[in-house]
Visitor: 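To start, I am sharing the structure in question, which I have written as structure tokens.
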Number of protein chains: 2
Amino acid sequence: MVNKKDDNQTEKAILEAADKVFTQKGFAAARMEDIAQEAGINRALLHYYFRSKDKMFDLIFQQRVSIFFSGLGQIMHSEKPLIEKIQAIVEHEITILLAHPYLPIFVLQELNQNPHRMLAIAENAGAHPSLLLKKFSVEVRAEIKAGTIRETDPAQLFMSIMGMAIYPFVARPVVKIILEKDDVGFESVMLQRKKEITDFIIHALKP
Amino acid sequence: MVNKKDDNQTEKAILEAADKVFTQKGFAAARMEDIAQEAGINRALLHYYFRSKDKMFDLIFQQRVSIFFSGLGQIMHSEKPLIEKIQAIVEHEITILLAHPYLPIFVLQELNQNPHRMLAIAENAGAHPSLLLKKFSVEVRAEIKAGTIRETDPAQLFMSIMGMAIYPFVARPVVKIILEKDDVGFESVMLQRKKEITDFIIHALKP
DNA sequence: TTTCAGTTTAACAATACAGTTAAATCAAGT
DNA sequence: ACTTGATTTAACTGTATTGTTAAACTGAAA
């Protein structure tokens with residue numbers, strides 16, 4: 001019932017190829033031919049598996065977004081103390097982005113072009129994204145009241161955490177040039193960065 | 001010698017339109033027709049002024065990149081004390097990005113697709129970008145030796161500064177949803193953010 | 001009035017691309 | 001051997017888009 005490759009091997013190859021091409025080029029610049037070549041097959045078979053470019057893109061995009069935000073919700077809603085939670089967020093984000101370096105620029109670029117997609121996905125995910133920040137804010141304010149951290153706006157703090165962790169990947173080519181690193185060097189800098197960011201935040205929050 | 005509009009009025013209108021369309025959609029998704037409509041003219045006149053889409057894009061892109069990095073070099077090479085310099089960088093970046101909110105995602109997305117462009121532009125700009133970091137590093141290490149700031153890796157610090165300032169604009173649609181703000185609200189949050197980031201960094205660097 | 005650059009209109013050519021299809025091939029299971 | 005589904009080949013349709021062109025129009029300047 002199956003040919004050369006076992007069962008859904010081809011489908012998987014296509015999805016991987018589509019992911020790679022869409023992620024690197026974005027929807028508009030991606031060509032079905034590119035995806036086919038990357039998957040080692042031809043255009044006809046692409047349409048045999050996935051009807052249209054749009055359908056393929058929607059699939060990939062949803063997957064990518066969920067990877068991008070995966071785990072984050074879980075960590076944010078966990079019952080860890082604030083500092084540990086921040087540390088977990090930073091480590092989680094950097095780990096994910098080391099495995100998917102082109103993920104954030106892709107997702108953010110496409111979201112910028114179709115902001116409505118964000119809402120659709122958010123609803124799909126169940127909880128409204130602003131709830132993430134709500135719980136975080138309560139915890140930050142509690143620590144401030146308890147005197148364990150300095151007076152800070154929780155939203156601003158949240159943006160700082162995300163910015164420090166994610167931005168280097170978004171600006172990857174610039175960073176590589178300024179730091180004079182190749183891909184390997186970049187990765188090792190990002191590994192160090194996990195601890196660096198956490199330390200930075202801990203000191204910044206000291207009363 | 002001139003028609004309805006004075007001299008280079010049209011050229012200016014075209015450049016502004018091209019900037020808007022390219023910046024919002026990226027090169028691949030941008031249509032010459034879009035640009036023409038945005039400029040209030042027709043496609044033919046577009047080619048009358050600028051031969052091709054590529055030529056127009058190159059112009060716009062160079063302009064945008066130079067805006068993105070403009071002033072930064074000047075500040076970095078100034079003789080301000082370190083903390084003031086950091087403060088100046090943050091204020092400068094956020095001020096620029098408030099005026100050009102879609103700038104970073106555009107530049108970074110196109111750079112990710114054509115990293116070689118970065119080098120071309122860098123050379124064009126005269127100085128190698130890594131020199132920016134070199135001077136900064138020396139200054140940071142001097143302050144560390146003098147005991148005025150905590151032991152920190154200069155490159156990591158630099159990425160943190162840039163990330164905190166720039167990332168919210170890159171992730172603008174996400175930020176707006178999580179913070180439940182409209183465009184006006186977003187801008188006011190970013191205005192506050194100037195001081196927030198500087199304070200954050202100052203505290204993080206305290207020995 | 002004539003001239004001339006800027007501008008519009010309305011085609012056109014050339015290409016690129018998405019999507020479809022029919023027929024042939026191939027590899028495995030029956 | 002026959003069947004069946006996966007895959008390729010190769011063509012095709014239709015449309016979007018870039019780029020070009022010729023002709024007409026316009027309004028200011030000479």
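For the numbers below, each heavy atom of this structure counts, side chains included, while hydrogens, waters and symmetry mates do not. Just so we're clear, the structure is a prediction, and the values are computed from it rather than from any experiment.
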Visitor: Between atom NZ in B/Lys12 and atom P in C/dG6, what is the gap in whole Å?
Guide: 17 Å
Visitor: Say whether B/Ser188 and B/Lys181, considering side chains only, have a donor N or O and an acceptor N or O under 3.5 Å apart.
Guide: no
Visitor: Could you check which of D/dT18, C/dT8, C/dG19 has an atom nearest any side-chain atom of B/Lys53?
Guide: D/dT18
Visitor: Could you please name the option among C/dG6, C/dA18, D/dG19 that lies closest to any side-chain atom of B/Met32?
Guide: D/dG19
Visitor: Within this structure, what is the CG-to-P distance between A/Asp54 and C/dA18, rounded to whole angstrom?
Guide: 10 Å
Visitor: Rounding to an integer number of Å, can you tell me how far B/Ile14 CD1 sits from C/dG6 P?
Guide: 11 Å
Visitor: Is it possible for you to check whether B/Lys55 lies under 6.0 Å from the centre of the six-membered ring of B/Tyr49, through NZ or CZ, and within 45° of that ring's axis?
Guide: no
Visitor: Can you measure B/Lys25 atom NZ to D/dT17 atom P for me and round it to whole angstrom units?
Guide: 9 Å
Visitor: At under 4.0 Å between heavy atoms, what does A/Ala30 touch on the DNA or RNA strands: base, sugar-phosphate, or nothing?
Guide: sugar-phosphate
Visitor: Side chain of B/Arg43 only, heavy atoms from C-beta on: which candidate in D/dG19, C/dA10, C/dA18 is closest?
Guide: D/dG19
Visitor: Within this structure, what is the CD-to-C1' distance between A/Glu11 and D/dG5, rounded to whole angstrom?
Guide: 15 Å
Visitor: Given D/dT8, C/dG6, D/dT17, identify the nucleotide with an atom nearest to the side chain of B/Tyr48.
Guide: C/dG6
Visitor: Any salt bridge linking B/Glu38 with B/Arg31? Criterion: basic side-chain nitrogen under 4.0 Å from a carboxylate oxygen.
Guide: no
Visitor: Does B/Thr10 make a side-chain N or O approach to OP1 or OP2 of C/dT7 shorter than 4.0 Å?
Guide: yes
Visitor: B/Arg51 has a side chain; which of D/dT20, D/dT18, C/dT8 sits nearest to it?
Guide: D/dT20
Visitor: How close or far is atom P of C/dT20 from atom CG of A/Leu46, stated in whole angstroms?
Guide: 12 Å
Visitor: When you get a sec, tell me which of D/dT18, C/dG6, C/dT9 is the closest nucleotide to the side chain of B/Tyr49?
Guide: C/dG6
Visitor: Side chain of B/Arg31: nearest nucleotide among C/dT8, D/dT17, D/dG19?
Guide: D/dT17
Visitor: Kindly assign one of parallel, tilted or perpendicular to the pair A/Phe27 and A/Phe22, based on the angle between their ring planes and the thresholds 30° and 60°.
Guide: parallel
Visitor: To the nearest Å, how far apart are A/Asn42 CG and C/dA22 P?
Guide: 17 Å
Visitor: Heavy-atom count around A/Lys80 NZ within 6.0 Å, excluding the residue itself: above 12?
Guide: no
Visitor: Rounded to the nearest Å, what distance is computed from the NE2 atom of residue B/His47 to the P atom of nucleotide C/dT7?
Guide: 15 Å
